Amino acid sequence: MRAGTGSTVSVRGASAGALCLAALALLTACSGGSGDGTRTGTGRDADADTRGQVPAWKAGVTPAAIGELMHVRIPAEARDRRAAYQNGFQDDGLLLAFTVPTARVDAFVNRLAPEQELTHRAKPLQQSVKPMTPFAHLGLKEPETLADVRSGPVCAPCAGELNSLEVTVHPLDARTSQVYLRGVD
């Protein structure tokens, strides 16, 4: 009888070992790895995969490139142009900011063709603001923390690849205004 009991234990052990190997093979096959230790991806996702962190800021982006992704033509007279691209888990964040003469703000906003008239906010928002794609990355204050701003959606959903685009305009002085554009791709 002992041989039978030992056989049962070794059969159970072999079955458990085979089950573990099968589970490991399944997990490896579903991991998206290429088998040589590198991770694979396509398009913008490939950049996030190689860094191993999501969300992560993409290096080397330019205001012109972000403007193109947003389908926004940056005015020729725009100064202090800043841009960022954040690879996200599901959606990517696009930031574009620049200053323009206050007299040219309405013409720029009208070219964006917002869904509705921009809303004026005299005071900063009272609640704590922690946007997923912060303008602080560009060295700017968050538009939600500023007083005397006009803001609103340009499109949601947008034609093309963007999910949404929002604009905020803040007068810096009598002659110059800061334009903030935040997009979700």
Side-chain angles (χ1 to χ4, degrees), residues 30-34 37-100 105 108-109 111-116 118-119 121 124-172 176-185:
C30 293
S31 71
S34 62
T38 62
R39 299 182 78 184
T40 60
T42 58
R44 287 183 288 261
D45 294 338
D47 293 333
D49 285 345
T50 58
R51 278 192 298 278
Q53 287 185 331
V54 175
W57 295 101
K58 190 172 186 177
V61 298
T62 65
I66 296 300
E68 191 173 311
L69 288 170
M70 290 181 168
H71 304 285
V72 170
R73 200 174 105 237
I74 300 172
E77 62 271 9
R79 300 290 175 253
D80 191 20
R81 300 172 185 203
R82 304 177 193 197
Y85 187 108
Q86 185 183 51
N87 291 301
F89 179 68
Q90 282 187 304
D91 295 316
D92 295 337
L94 308 167
L95 298 177
L96 179 62
F98 49 84
T99 59
V100 291
V105 167
F108 171 76
V109 170
R111 273 199 323 265
L112 294 174
E115 295 176 340
Q116 56 198 16
L118 299 184
T119 304
R121 188 180 69 244
L125 294 179
Q126 295 299 317
Q127 74 235 25
S128 175
V129 177
K130 292 184 179 179
M132 293 297 294
T133 312
F135 279 96
H137 180 74
L138 299 176
L140 298 169
K141 292 181 179 180
E142 299 306 321
E144 297 85 358
T145 66
L146 301 172
D148 190 25
V149 299
R150 292 186 300 147
S151 65
V154 174
C155 56
C158 304
E161 295 183 20
L162 281 183
N163 295 336
S164 65
L165 180 62
E166 186 165 322
V167 63
T168 301
V169 179
H170 174 65
L172 298 175
T176 309
S177 291
Q178 179 78 49
V179 175
Y180 297 85
L181 291 152
R182 180 181 282 135
V184 176
D185 185 14

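Predicted, not measured: the structure shown is a model, and the values here were computed from it. Every heavy atom of this structure was used, including side-chain atoms; hydrogens, water molecules and symmetry mates were not.
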Closest heavy-atom pair and its distance - L138, A84: CD2-CB, 3.7 Å

Spatial distance of atom NE2 (H170) from atom OG1 (T99) [nearest 0.5 Å]: 12.0 Å

Side-chain (Q178) to main-chain (P171) donor-acceptor, under 3.5 angstrom: no

P63 and I74, any side-chain heavy atoms less than 4.5 Å apart: yes

Pairwise distance CG(L165) to CG(L96) - rounded to 0.5 angstrom: 9.0 Å

Main-chain N/O of H137 paired to R82 side chain as donor or acceptor, under 3.5 Å: no

Under 3.5 Å donor-acceptor, E77 side chain and V100 backbone: no

Distance in Å, L94 CG paired with K58 NZ, rounded so as to fall on 0.5 Å steps: 10.0 Å

P143 and E166, any side-chain heavy atoms less than 4.5 Å apart: no

Y180 side, atom OH; L95 side, atom CG - distance, nearest 0.5 Å: 11.0 Å

Minimum heavy-atom distance P75-R81, with the two atoms named: O-NH2, 3.0 Å

Just distance, no hydrogens or angles: give the donor-acceptor pairs under 3.5 Å from side chains in residues 65-73, sequence neighbours left out.
none

Point-to-point distance, once rounded to the nearest 0.5 Å, from CG of L181 to OG of S151: 11.5 Å

Nearest-0.5 Å distance, CG of residue D80 to CG of residue L140: 7.0 Å

Closest heavy-atom pair and its distance - T145, K141: OG1-CB, 4.1 Å

Nearest non-hydrogen partners of L118 and V167, listed with the distance: CD2-CG1, 3.7 Å

